[in-house]
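My questions all concern the structure below.
As the structure lists them, so they are numbered: ligands from 1, and atoms in each ligand from 1. All residue numbers refer to positions in the sequence shown, counting from 1. Just so you know, these numbers come straight off a predicted model, no measurement behind them.
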Amino acid sequence: MIYEQLASLIAQALNDELSNEEVETLLEKPKNSEMGDIAFPCFTLAKKLRKAPQRIASELAEKLQAEEIQEINVVGGYVNIFLNQEKLTNHVLHAIMNNKDQYGSSPSRKENVVIDYSSPNIAKPFSMGHLRSTVIGHALANIAEKSGYTAVRINHLGDWGTQFGKLIVAYRLWGNKEAIEASPIQELLKIYVKFHDMAETDESLNEQARAAFKSLEDGESEALALWKWFRDASLTEFETIYQILGITFDSYTGEAFYNDKMKPIVAELQEKNLLTLSDGAYVVEMDDQMPPCLITKTDGATLYATRDLAAAVYRHNEYNAVKTFYVVGNEQSLHFKQLFNVLNKMGYEWANELQHVPFGMMLKDGKKMSTRKGKVVLLADVLAEAVDTAMLNIEAKNPNLEQKALVAKQVGVGAVIFNDLKNDRMNDIEFSLEQMMNFEGETGPYVQYTYARISSILEKGNYKDQSLDFTALGEYAWPIIVMLEQFPLTVQKAFLLADPSQIAKFSLHLARAFNKYYAHTKVLNDDEYQQMKLAFVHCVAIILKESLRMLGISAPNKM
Ligand code: ARG
């Protein structure tokens with residue numbers, strides 16, 4: 001990687017005043033490409049060395065020499081570097097031709113990264129927030145694998161808690177087996193809402209619900225059977241969404257799994273003198289003026305946080321992960337701060353490797369997109385609509401396409417996923433089918449379309465995979481070479497920042513750069529360079545496809 005190499009060269013020339021990593025973070029792209037390919041600003045060093053930046057830059061420029069460097073200029077406090085384009089071009093493209101989709105992959109580290117994502121609640125609709133978590137978490141798992149880690153994909157289902165006591169009581173009073181079997185989540189939600197309405201005037205219902213949850217916690221068989229049925233039926237509904245998205249998990253151990261693992265945790269908190277009695281409930285007092293973290297209620301019942309504590313300890317013993325990402329909406333920020341704070345107080349150093357990966361809301365026409373406003377907006381319907389729109393597009397533009405249904409699904413779903421991942425995850429995102437399907441916009445279909453375009457060029461040109469000399473590629477290819485060179489670094493950055501938008505933006509820039517190149521260059525003109533140009537665009541296609549794959553999006557050859 002040229003940035004890494006350059007950074008170590010510069011660090012050396014500076015007699016290690018700065019570390020390689022420090023130099024690397026300082027490297028930047030000059031304002032325009034006529035000034036150079038890479039710039040190193042000397043202002044930070046000027047303070048440190050008490051020397052004029054210009055002088056540091058000149059001295060540094062004297063010392064820098066490498067075969068990848070063509071020319072060095074000092075402008076103000078900057079060292080501007082022109083790279084040797086021919087050498088670098090061959091270097092990058094041969095690396096891609098030799099490694100194919102493994103280009104940019106790190107060697108296996110034999111270390112686990114846990115990703116806790118999707119995690120919907122049983123008997124409740126799969127919300128837009130859960131969709132975001134699913135899409136972001138899936139991409140992060142792929143990015144972790146590309147970075148050499150073993151990804152452990154966990155769906156921490158919301159399948160435990162006092163609400164299941166209410167559901168059991170509601171079912172016994174008003175439940176209809178056939179209706180629930182036909183449409184589990186909708187029906188279960190209906191009786192759950194009814195329970196709340198009725199409980200407003202009938203306090204005994206809440207009493208019954210507490211008793212029902214107690215019997216569930218104690219493993220009483222009838223209650224357990226109902227719970228299991230609610231869970232299985234809900235999961236079947238969730239699975240249809242995972243199937244459309246092409247997503248799988250390594251584990252569905254949700255909150256219920258920790259039912260028998262909380263007692264030892266509470267005992268440990270007690271032993272470590274961390275529990276305070278507050279109105280009959282046990283809490284852990286927090287640092288930084290956070291409200292206390294509730295561990296057990298007055299009646300001894302445990303909470304969401306108690307289960308997350310047990311889960312963190314269990315997972316540490318089971319997976320010993322070097323990093324854990326909790327992909328959960330930013331409205332749960334306080335919960336995770338409290339969770340990490342408690343683990344810290346318990347003396348667990350590994351708690352520092354746990355990270356909440358928050359994200360913003362999904363909006364429609366500028367308003368929060370709710371799954372339950374009057375009537376339920378089913379996520380499966382939203383996805384189906386995207387696929388239908390893609391189908392209409394195909395019918396209008398390419399009615400003879402083979403495997404239309406499959407391509408429509410890949411494009412429709414790709415549009416939804418890309419729309420989610422292209423911006424910083426903290427931003428709220430607007431759900432507009434029209435915009436996300438626009439073939440010329442900053443969209444998934446645009447990147448997919450560019451990939452399909454290259455595939456058809458390769459087919460027309462009878463491309464044969466072979467190693468070539470790329471020296472005569474020409475100046476229009478250069479911006480693309482620079483990008484391809486940056487791909488491995490982009491993957492690393494996406495992992496470090498837990499930010500799939502790094503990859504999505506990269507794929508957009510690469511697609512745009514390719515289309516610009518293609519507008520300037522006749523690739524299929526049967527000259528002596530045709531195979532070389534085809535090999536070059538093939539490299540672009542490999543990286544576009546690999547980028548989309550990491551995001552969880554397919555790349556059809558034709559669309
Ligand atoms: N089921 C929760 C919800 O829908 C999300 C769980 C996230 N993961 C966790 N370990 N707390 O709000």
Checklist entry - Ring centroid separation for Tyr446 and Phe439, is it under 6.0 angstrom? => result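 Centroid distance Tyr446-Phe439: not below 6.0 Å, so no.
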Checklist entry - Parallel, tilted or perpendicular: which fits the ring planes of Phe336 and Phe340, with parallel below 30° and perpendicular above 60°? => result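 If you compare the ring of Phe336 with that of Phe340, the planes turn out tilted.
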Item to check | Neighbouring residues of ligand 1, heavy-atom cut-off under 4.0 Å | outcome: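 Close residues (ligand 1, cut-off 4.0 Å): Asp116, Ser119, Asn121, His130, His156, Tyr304, Asp308, Tyr326, Val328, Gln332, Phe336.
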Item to check | Aromatic contact, Tyr252 with Phe257 (centres under 6.0 Å) | outcome: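 Ring centroids of Tyr252 and Phe257 are no less than 6.0 Å from each other.
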Under 3.5 Å, which donor-acceptor pairs link side chains of residues 164-182 to any protein atom two or more places apart or in another chain?
from	atom 1	to	atom 2	distance (Å)
Asn176	OD1	Glu178	N	3.0
Asn176	OD1	Ala179	N	3.1

Checklist entry - Where does the angle between the aromatic ring planes of His335 and Tyr304 fall among parallel (under 30°), tilted (30 to 60°) and perpendicular (over 60°)? => result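 Rings of His335 and Tyr304: parallel, under 30°.
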Checklist entry - Ring centres of Phe325 and Tyr117 under 6.0 Å apart? => result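 Between Tyr117 and Phe325, which both carry aromatic rings, the centre distance is not below 6.0 Å.
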